[in-house]
Amino acid sequence: MDKKEIISDFKRYYGHRLGRDENCRSVHYVYEALAMVLSDRLTERWKATYNAYKKQDCRRACYLSMEFLIGRTLSNAILNLGVNDPVAQAMYELGLDLEELIDVEPDAGLGNGGLGRLAACFIDSCATLKLPVTGYGLRYEYGMFSQTIINGEQVEEPDHWLRNGNVWEIERLEYTQRIKFGGHTESHIDENGHKRVCWVNTHDILAVPYDTPIPGYKNDTVNSLRLWKATATEEFDLQEFNAGDYAEAVAAKNTAENITMVLYPNDANENGKALRLRQQYLLASASLQDVLELWIGRHGKDFSEFAAKNCFQLNDTHPSIAVAELMRLLMDIYGLSWDEAWAITRNTMAYTNHTLLPEALERWSVSLFKLLLPRLMEIIFEINARFLAEVSAHWPGDKARLARMSLIEEGDEQYVRMAYLAIVGSYSVNGVAELHSKLLQQGLFHDFYELWPQKFNNKTNGVTPRRWLAGCNPELAKLITETIGDGWLTDLSLLKKLELYVDDKAFCKRWHEVRLCAKQRLIDFKKKEMDVDLNVNALFDVQVKRIHEYKRQLLNVLHVIHLYDRIKRGDTENWTDRCVLIGGKAAPGYFMAKKIIKLINNVGNVINNDPDVGNRLKLIFLPNYRVSAMEIICPGADLSEQISTAGKEASGTGNMKFMMNGALTIGTLDGANIEIREEVGDDNFFLFGLTEDQVEKLRHHYDPVAIIDQDEDLKRVMNLLEWGHFNQFEPDIFDAIIGSMKSPHDPWMTIADFRSFVDAQKRVEAAYQDKERWTKMSIINCANSGKFSTDRTIAEYNNDLWKLTPVTVPK
Ligand code: KVW
């Protein structure tokens, strides 16, 4: 694929396919034409990959996820196809600005945060490792809402990301699946004397797949991401139409298409809406039917080898209804017995848990379940009955344990516990960082761990170094490659070699310059977007992630107010200029999270406009945090804030992106922070705060008011807040926030960690003032980030759970 070919293809697409010429003012079509050029290259390899898998009839894995937070595709396609130079030259020759084209692509924001982005990083690594893995998800018409800030408050706008079409996907009507909802079940005895169940009188909808190519890094493998869109069945329209109800028919079409209309914007918060259950079932049913259809095309109705050739990784409990759906399909459609179907299910499903927070654990009301999915409810009851018999046999007479472990939570209303369904129906249960997996075994899932210890394991998260280092930080990538070669792109542990250069003056100087240049890019981005000017020499202190009380953006704000208070009282000897950047979206229904955004903006307003403060301190809220914003933010950060209450952040993945780009971390002993610190060493990590068990012990006698009383600095900070210094004309708006921090029942214990956090921030300042030391620490952080590549994570999933053989795609 050389420059000449790119230019001629580009011209053909732009002029003929898109019918544009030099009179067209919209850069969008230029982007589209270039995207088509790359898409062609992907398609060739895509077919070759498919054929290679088919020929080998290899074992495959499916990654089932309600979210794939892909972000942009063009720059990633250029990188993974290894065609950056010819594409850049071609665009140069045509007088086009490649950066500008890359920038017009909207993010595919089909996820909330870490969990969705993890799925996107995983499929990148699967393709790079040449593993036959298909991603299955939903093609939401509207992705994660876009956030604007008006008068300091979050305003949500719908994200119609498909408005201008999507060049990367292809519609596959031929693989459409039918999905049932509602109706009831009937049973009869078949000719062989077996009980058979029919699910009848259902309201069906269709699931149409849209496939997106997922290229590996320079290896000719292109895997598939298959996303389902809901549409109405034709005969359903017709029935209504014949009944003379034309309007009803059109309305019914809407009900069907609504299912994949919008991504639920709740990160780690369960909501119980019927539409969400419909989405989950659509994903599970369409994906399983798709896999079974492929199987039957090859093997007929002989399922004896099915479990040897297939497995399904469930991304949290969201797709866990797949356990019951696979049972239904195998028994009701293909006539297997319960035991045969159960053996297959239990040998193919694997479940990843992402959180311990009780408010995030999915439960569906039994009455809703019965109404929407009556056959699945029956199957779940049967799974539960058989499971509880097993528990009884293991612990005879232990009634309390039966109640604890039942898939059905009893009470005024009954609920299905989806996590338990996932555990019982699968061969593996994993957490996403060492601490998290340990807490699952000792706490949340302890009963299950006692019953089946061998099912439990850990798979520490990662991020793909292609997007999160090579793609987003090309200058740093270039310096690294010039120093240690380019092997790191597919073996990130090689970054360790950078440690040999920490005393090399010339190298350190270049490292520092490259980092300054990335900071400048972040400054330019902010200037364009928000018209604020930041000082490149200030310490860039960054916290970007969903807004949640457990992530403790409030602790960050308390520290900023403390710094402001020090400036105001003249305590500025040896000052380190600091620019605090906070960004993230609040779930639209999460009252406290929205208040936190307002507080950050109000405090920023006071500080940024106070002439006494000047350049010493800035607090900026970064609006509309998303994947493409992180690609500019993480290379430009000096300090990465990972300050959740210990035990609450299952892993975190932003922490890894920052580290990989040479930022230092200030953090608690939580999630993957613990492993980051192990890798970089205590001296290269700013640790603070209570440990997980200290948090749990303190709960019984936590007294934040007493802590405030004994800490002069904290008392002054709280006084500023309580006296309305940041809400002079908006009385009382922060009362709920202040009240929550001062409550002895505050689950997040923000006040408890204040002093330790302030002390750690002082150590940060001392380190930052010594430029050489800071640069050294920055290099060491990057050099030790090898563990946090999803290539390592996926290799572990594969070696321990999936057991797939890599397939090399012939040229
Ligand atoms: C519902 C989540 C979307 C909808 C989690 S835990 C639960 C959810 C629930 C998302 N997301 C996050 O998963 C990340 C990937 O494993 C972790 O890094 C992060 O700690 C966790 O909060």
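Because only heavy atoms are used, hydrogens play no part in the values below, and waters and symmetry mates are left out as well, while side chains stay in. In listed order, ligands and their atoms are each counted from 1. Model, not experiment: these values are computed from the prediction.
Residue pairs meeting the salt bridge (Lys or Arg N to Asp or Glu O under 4.0 Å) criterion with at least one partner in residues 543-558, sequence neighbours excluded, are K551-E649, R552-D753. Here salt bridge (Lys or Arg N to Asp or Glu O under 4.0 Å) pairs that include residues 453-466, with residues two or more places apart or in two chains, are D124-R466, K459-D800, R466-D791.
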If you look at each N/O of ligand 1, which protein N/O atoms lie under 3.5 Å away, and at what distance?
{"from": "ligand 1", "atom 1": "16 (O)", "to": "H354", "atom 2": "ND1", "distance (Å)": "2.6"}
{"from": "ligand 1", "atom 1": "16 (O)", "to": "N461", "atom 2": "OD1", "distance (Å)": "2.8"}
{"from": "ligand 1", "atom 1": "18 (O)", "to": "G652", "atom 2": "N", "distance (Å)": "2.8"}
{"from": "ligand 1", "atom 1": "20 (O)", "to": "E649", "atom 2": "OE1", "distance (Å)": "2.6"}
{"from": "ligand 1", "atom 1": "20 (O)", "to": "A650", "atom 2": "N", "distance (Å)": "3.3"}
{"from": "ligand 1", "atom 1": "20 (O)", "to": "S651", "atom 2": "N", "distance (Å)": "3.1"}
{"from": "ligand 1", "atom 1": "20 (O)", "to": "G652", "atom 2": "N", "distance (Å)": "3.2"}
{"from": "ligand 1", "atom 1": "22 (O)", "to": "Y550", "atom 2": "OH", "distance (Å)": "3.2"}
{"from": "ligand 1", "atom 1": "22 (O)", "to": "E649", "atom 2": "OE1", "distance (Å)": "3.2"}

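In terms of modelled atom types and a separation under 3.5 Å, the side chain of N673 and the main chain of G671 share no donor-acceptor contact.
Using a 30° and 60° split on the angle between ring planes, F181 and Y281 fall in the perpendicular class, above 60°. Between W802 and Y63, the ring planes lie perpendicular to each other; the angle is over 60°, past the 30° to 60° tilted range.
In terms of the ring-ring contact (aromatic ring centres under 6.0 Å, His included) criterion, residue partners of F688 (sequence neighbours excluded) are, by chain and number, F757.
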